[in-house]
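Remarks on the structure that follows.
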Amino acid sequence: MSLKLYNSMSREIEEFKPVKEGHVGMYVCGPTVYGPPHLGHAKSYITFDILAKFLRISGYNVRYVQNITDVGHLTDDADEGEDKIERQARIDMVHPWEIVDKWTRQYMLDMERLGIAHPSFYVRASQHIPEQIHAIKELIDAGHAYEINGSVYYSVESFPEYGKLSGNKLEEQKDGVRISVNTDKKHPGDFALWKKAEPEHILKWDSPWSKGYPGWHIECSVMANKYLGINFDIHGGGLENKFPHHECEIAQSEAIHKVPFCNYWVHNNMITVDGIKMGKSLGNFITCEDLLSRHSKQAIRAFLLSTHYSSPSNYTEEAIEGMATGVARLDHLNRRAHEIAAQGKEEGSGDKNLLEICEKADKDINDCMNNNLDTPGSIAILYSCTSEVNKLFDGGQIGKKGAVAVISLLEKWADGLLGILPAYEEESYGVDLEPIMSLVLDIRSEMKKNKNYAVADKIRDELHKAGILVEDTKDGARWRKA
RNA sequence: GGCGGCAUAGCCAAGUGGUAAGGCGAUGGUCUGCAAAAUCAUUAUUCAACGGUUCGACUCCGUUUGCCGCCUCCA
C-alpha cells in the first residue's frame with residue numbers, strides 16, 4: 001500500500017506520485033511573525049511535520065521548505081491595510097526587525113518544544129526581494145499585471161482559471177462582502193504584487209515602480225518555485241489560506257511558468273475552542289507557550305493528532321487532560337518493556353505471539369498513515385495494542401526478544417512519527433537515584449513485612465509529593481517519575 | 001448572497017457499500033494491607049431528520065435542519 005492523499009484541488013483522495021521518483025518537494029505556508037504562536041500553528045505544523053516524517057519513513061528523500069513571512073502581510077482587506085509587522089512595531093515602539101526577530105525565535109522555540117522538527121530549511125520573504133521583483137516584471141510583461149501610481153496589481157481577469165482551487169468565481173464575488181475601497185484596481189479581486197510605501201513606512205526596497213514592498217502572495221510563489229522547481233509535489237497550509245492566498249500563488253506561478261504550480265494541495269482544518277473559532281478578537285486565543293506550561297507536549301500532540309488533520313479540532317481542557325491519561329498508558333508499557341529487556345530472560349514462550357502482535361500493529365499503522373495520514377486510526381492501534389501486550393506481560397512469559405519488539409514499535413511510531421511517547425531516560429538529578437531508591441524501597445519493604453503500614457504509606461506519600469511514584473507490585477516495589 | 005466542509009454514545013473520535021475501531025469518563029469484578037498500575041466485564045439494535053438507489057447504506061444521491069470555515073488579517 002502506498003500513500004494516498006486528499007488533494008484539495010481535485011477534491012478527491014489520490015494516489016501520491018512524486019514528480020521525481022524517490023524525491024518529494026513540499027512547501028508549507030509558515031507564520032507571519034508578529035505575535036505569539038498559538039494552537040492553530042501547532043495543528044498545522046504538526047500535520048506537515050508528520051507528513052514529512054512519514055514520507056521519509058516510506059523511503060522518500062524529502063525537501064520540506066517553510067516560509068517565514070516577515071514583510072508585506074497586510075492587516076486589512078483590499079490591500080489597503082497596514083503591514084502587520086510594521087503595525088506591531090509601532091505599537092511596541094520598536095524597529096520592525098525587532099518584532100520579526102522576537103517572534104521568529106518564539107516560533108522556533110515553541111515548535112521545538114512541541115517536538116516539531118525543523119523543515120529542511122526556512123525561507124524568508126524579506127530575503128527574496130530581488131526574486132519577487134523579477135517575478136513581478138515577468139507578470140507585467142506577460143500582461144497579467146499592471147502598474148498604477150507606483151503599485152503593481154495582478155489582474156485576476158487575465159487568468160481564467162482564477163478560482164479553481166477554492167471554487168470561487170469572480171462574477172459571484174462581486175455582490176459579496178468584499179468592499180473595494182481601492183480605486184486603483186481594475187477589478188475588485190485584483191491583488192497587490194508591489195505596494196508603494198507611505199513615507200513613514202520603514203520596511204521598503206527600491207524597485208522599478210517605487211520605493212515599496214512586495215505583496216503577501218508573491219513571496220510564496222517565488223520561493224516555492226525557486227527551491228522546489230516550477231512544478232513541485234506538495235503545497236500545504238491552513239484551510240483559511242485556500243482563498244485568496246493559495247489561489248493567488250497559483251495565479252502568479254502558473255501565469256509565469258505555464259505548468260501546474262504543485263500537484264497536491266493539502267489543507268489542515270482549524271481549531272475551535274469550546275466549539276467556537278479561536279481568534280484574537282474573541283479573546284479565546286490559546287498560545288503554545290500557555291499550553292506547554294500546563295500540559296506535556298505528548299498530551300498536546302495526542303490531542304491534535306486524535307483528530308484528523310482535515311477535521312477541525314475542538315479544544316477543551318478536558319480533552320487534553322484525557323489525552324494525558326492515555327499517553328501515560330503508552331509510557332507505562334514502554335517502561336515495562338524496558339524493564340523486561342534489561343532484566344528478563346532471553347526468550348519467553350509468549351515471544352512468538354508478541355512478535356506477531358507487533359508486526360501486525362506495525363503494518364496496520366503504516367496502512368493508516370498511507371490512508372491520507374489517518375493519525376486517529378494509528379493512535380487507536382497503539383492503544384489496543386497496549387492492552388494486548390500488557391496482558392502478555394502480565395502472563396510473565398515474555399523475554400528480551402519480545403520486549404525489544406515492543407520497544408521498537410513504540411519508538412518507530414509513538415515516538416518517532418507521532419511524538420506522543422514520553423521520554424524513557426531517567427531524569428538526571430545530579431546524583432544517581434537508583435541506589436538511593438533501592439535502599440529506601442528495601443527499608444520500606446521491611447516495614448511492610450512487619451506490618452508497619454503507617455510509616456510505609458508515609459514514605460510513599462512523601463515520595464509522591466517529591467515527584468516519585470511508588471507502585472507495589474507482586475514482584476516488589478517499583479518507582480518512576482510522577 | 002457566493003464557495004467549501006461537517007453532523008457517529010456523557011465527552012473526544014475512526015469508519016473510503018457487507019452489518020458500529022479506539023481513547024477519556026463512569027459502574028462492577030480480579031489483584032493489593034491500603035493505594036497506584038495492570039486486567040476482566042458492562043457502557044450506540046444505531047450513525048441529525050426525511051426520502052431515493054441497492055440484495056445490503058454510517059458510507060452513494062436528493063431534500064430539510066443545525067454547526068463550522070472562507071469570501072476582510074489569521075495556521
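Values below: all heavy atoms of this structure, side chains included; hydrogens, waters and symmetry mates excluded. Source: prediction; values computed, not measured.
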Point to revise | Given A:F121, A:Y122, A:Y64, the one that forms ring pair (Phe, Tyr, Trp, His ring centres under 6.0 Å) with A:Y227 | key: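 Exactly one pass, corresponding to A:F121.
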For [X] and [N], give me the distance from atom [atom1] to atom [atom2], rounded to whole Å.
{"X": "A:F393", "N": "B:U39", "atom1": "CZ", "atom2": "P", "value": "11 Å"}
{"X": "A:E161", "N": "B:C3", "atom1": "CD", "atom2": "P", "value": "19 Å"}
{"X": "A:L165", "N": "B:G5", "atom1": "CG", "atom2": "P", "value": "12 Å"}
{"X": "A:Y383", "N": "B:A14", "atom1": "OH", "atom2": "P", "value": "14 Å"}
{"X": "A:E317", "N": "B:G25", "atom1": "CD", "atom2": "P", "value": "15 Å"}
{"X": "A:L382", "N": "B:A13", "atom1": "CG", "atom2": "P", "value": "19 Å"}
{"X": "A:L330", "N": "B:G22", "atom1": "CG", "atom2": "C1'", "value": "12 Å"}
{"X": "A:I320", "N": "B:G25", "atom1": "CD1", "atom2": "P", "value": "15 Å"}

Check your understanding: A:F54: what forms a ring-ring contact (aromatic ring centres under 6.0 Å, His included) with it, not counting sequence neighbours?
Key ->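 Not a single residue meets the ring-ring contact (aromatic ring centres under 6.0 Å, His included) criterion with A:F54.
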How far does the [atom1] atom of [N] sit from the matching atom of [M], given to the nearest Å?
{"N": "B:C6", "M": "B:A14", "atom1": "P", "result": "11 Å"}
{"N": "B:C67", "M": "B:G62", "atom1": "P", "result": "22 Å"}
{"N": "B:G17", "M": "B:G22", "atom1": "C1'", "result": "23 Å"}
{"N": "B:C50", "M": "B:C55", "atom1": "C1'", "result": "23 Å"}
{"N": "B:A48", "M": "B:C12", "atom1": "P", "result": "14 Å"}
{"N": "B:C3", "M": "B:A9", "atom1": "P", "result": "30 Å"}
{"N": "B:G52", "M": "B:A57", "atom1": "P", "result": "12 Å"}
{"N": "B:U8", "M": "B:A44", "atom1": "C1'", "result": "8 Å"}

Exercise for review: Using the test side chain to side chain contact (heavy atoms under 4.5 Å, CB included), find all partners of A:Q298 that sit at least two apart in sequence or belong to another chain.
Suggested key: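 Residues passing side chain to side chain contact (heavy atoms under 4.5 Å, CB included) with A:Q298: A:S296, A:V327, A:P422.
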Review point. Which residues pass the side chain to side chain contact (heavy atoms under 4.5 Å, CB included) test with A:N314, sequence neighbours left out?
Key: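 Scan of A:N314 (side chain to side chain contact (heavy atoms under 4.5 Å, CB included), adjacent residues dropped) gives A:T272, A:T316.
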Exercise for review: Go through B:G25, B:C12, B:A75 for me and flag the one nearest to the A:T325 side chain.
Suggested key: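 That would be B:G25.
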Check your understanding: Between B:G22, B:A75, B:A14, which nucleotide gets closest to the side-chain atoms of A:H308?
Key ->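 So the side chain of A:H308 is nearest to B:A14.
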Review point. Using Watson-Crick and G-U wobble pairs whose two distances are both under 3.5 Å, how do you write the pairing of RNA chain B as dot-bracket, with | for links to another strand?
Key: (((((((..(((.....[...)))((((((.......))))))....(((((..]....))))))))))))....
Name all residues meeting the salt bridge (Lys or Arg N to Asp or Glu O under 4.0 Å) criterion together with [X]; count only those two or more places apart in sequence or in a different chain, and write none if there are none.
{"X": "A:D49", "answer": "A:K53"}
{"X": "A:E112", "answer": "none"}
{"X": "A:E339", "answer": "A:R478"}
{"X": "A:R336", "answer": "A:D394"}

Exercise for review: Look at all strands and tell whether A:I379 reaches a base, only sugar-phosphate, or nothing, counting heavy atoms closer than 4.0 Å.
Suggested key: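 Contact class for A:I379: none.
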Review point. Between A:K43 and A:S313, does any side-chain donor sit less than 3.5 Å from a side-chain acceptor?
Key: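 Judged by distance alone, the side chains do pair up.
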Review point. Mapping A:G40 and A:R336 onto RNA chain B by nearest heavy atom, which one lands closer to the 5' end?
Key: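 Looking at the nearest nucleotide for each, A:R336 comes out on the 5' side.
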Check your understanding: Given that A:S384 and A:G30 both sit by RNA chain B, which one's nearest nucleotide is further toward the 5' end?
Key ->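 Its nearest nucleotide being more 5', the pick is A:S384.
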**Study point:** Ring geometry between A:Y154 and A:F191 (parallel below 30°, tilted from 30 to 60°, perpendicular above 60°)
**Key:**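 Parallel: the ring planes of A:F191 and A:Y154 meet at under 30°.
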Polar pairs (N or O, both sides) under 3.5 Å between protein and nucleotides 26-36 of chain B?
unit_1, atom_1, unit_2, atom_2, d
B:G33, N1, A:D457, OD1, 2.9
B:G33, N1, A:D457, OD2, 3.4
B:G33, N2, A:D457, OD2, 2.7
B:C34, O2, A:R460, NH2, 2.8
B:C34, N3, A:R460, NH1, 3.0
B:C34, N3, A:R460, NH2, 3.0
B:C34, N4, A:R460, NH1, 3.3
B:C34, N4, A:D472, OD2, 3.1
B:A35, N6, A:D472, N, 3.4
B:A35, N6, A:D472, O, 2.7
B:A35, N1, A:D472, N, 3.0
B:A35, N3, A:R460, NH1, 2.9
B:A36, N1, A:D472, O, 3.1

Review point. Yes or no on salt bridge (charged side-chain N to carboxylate O under 4.0 Å, His left out) for A:D233 and A:K17, after CA distance, side-chain angles and deciding distance?
Key: CA-CA 8 Å; A:D233 297 301; A:K17 287 206 181 69; over 6 Å; no
Review point. Does a nitrogen or oxygen in the side chain of A:R11 sit under 4.0 Å from OP1 or OP2 of B:G4?
Key: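 It does, given that an N or O in the side chain of A:R11 lies less than 4.0 Å from OP1 or OP2 of B:G4.
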Practice item. Could you list all the salt bridge (charged side-chain N to carboxylate O under 4.0 Å, His left out) pairs where at least one residue sits in residues 372-381 of chain A, not counting sequence neighbours? Key: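 For residues 372-381 of chain A: none.
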Point to revise | Listed once per pair and sorted, the salt bridge (charged side-chain N to carboxylate O under 4.0 Å, His left out) pairs that draw on residues 295-317 of chain A, sequence neighbours left out | key: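 Residue pairs passing salt bridge (charged side-chain N to carboxylate O under 4.0 Å, His left out), neighbours aside: A:R294-A:E317.
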Can you check nucleotides 67-70 of chain B for protein contacts, nitrogen or oxygen pairs under 3.5 Å, and list what you find?
unit_1, atom_1, unit_2, atom_2, d
B:C70, OP1, A:K277, NZ, 2.7
B:C70, O2', A:F243, O, 3.1

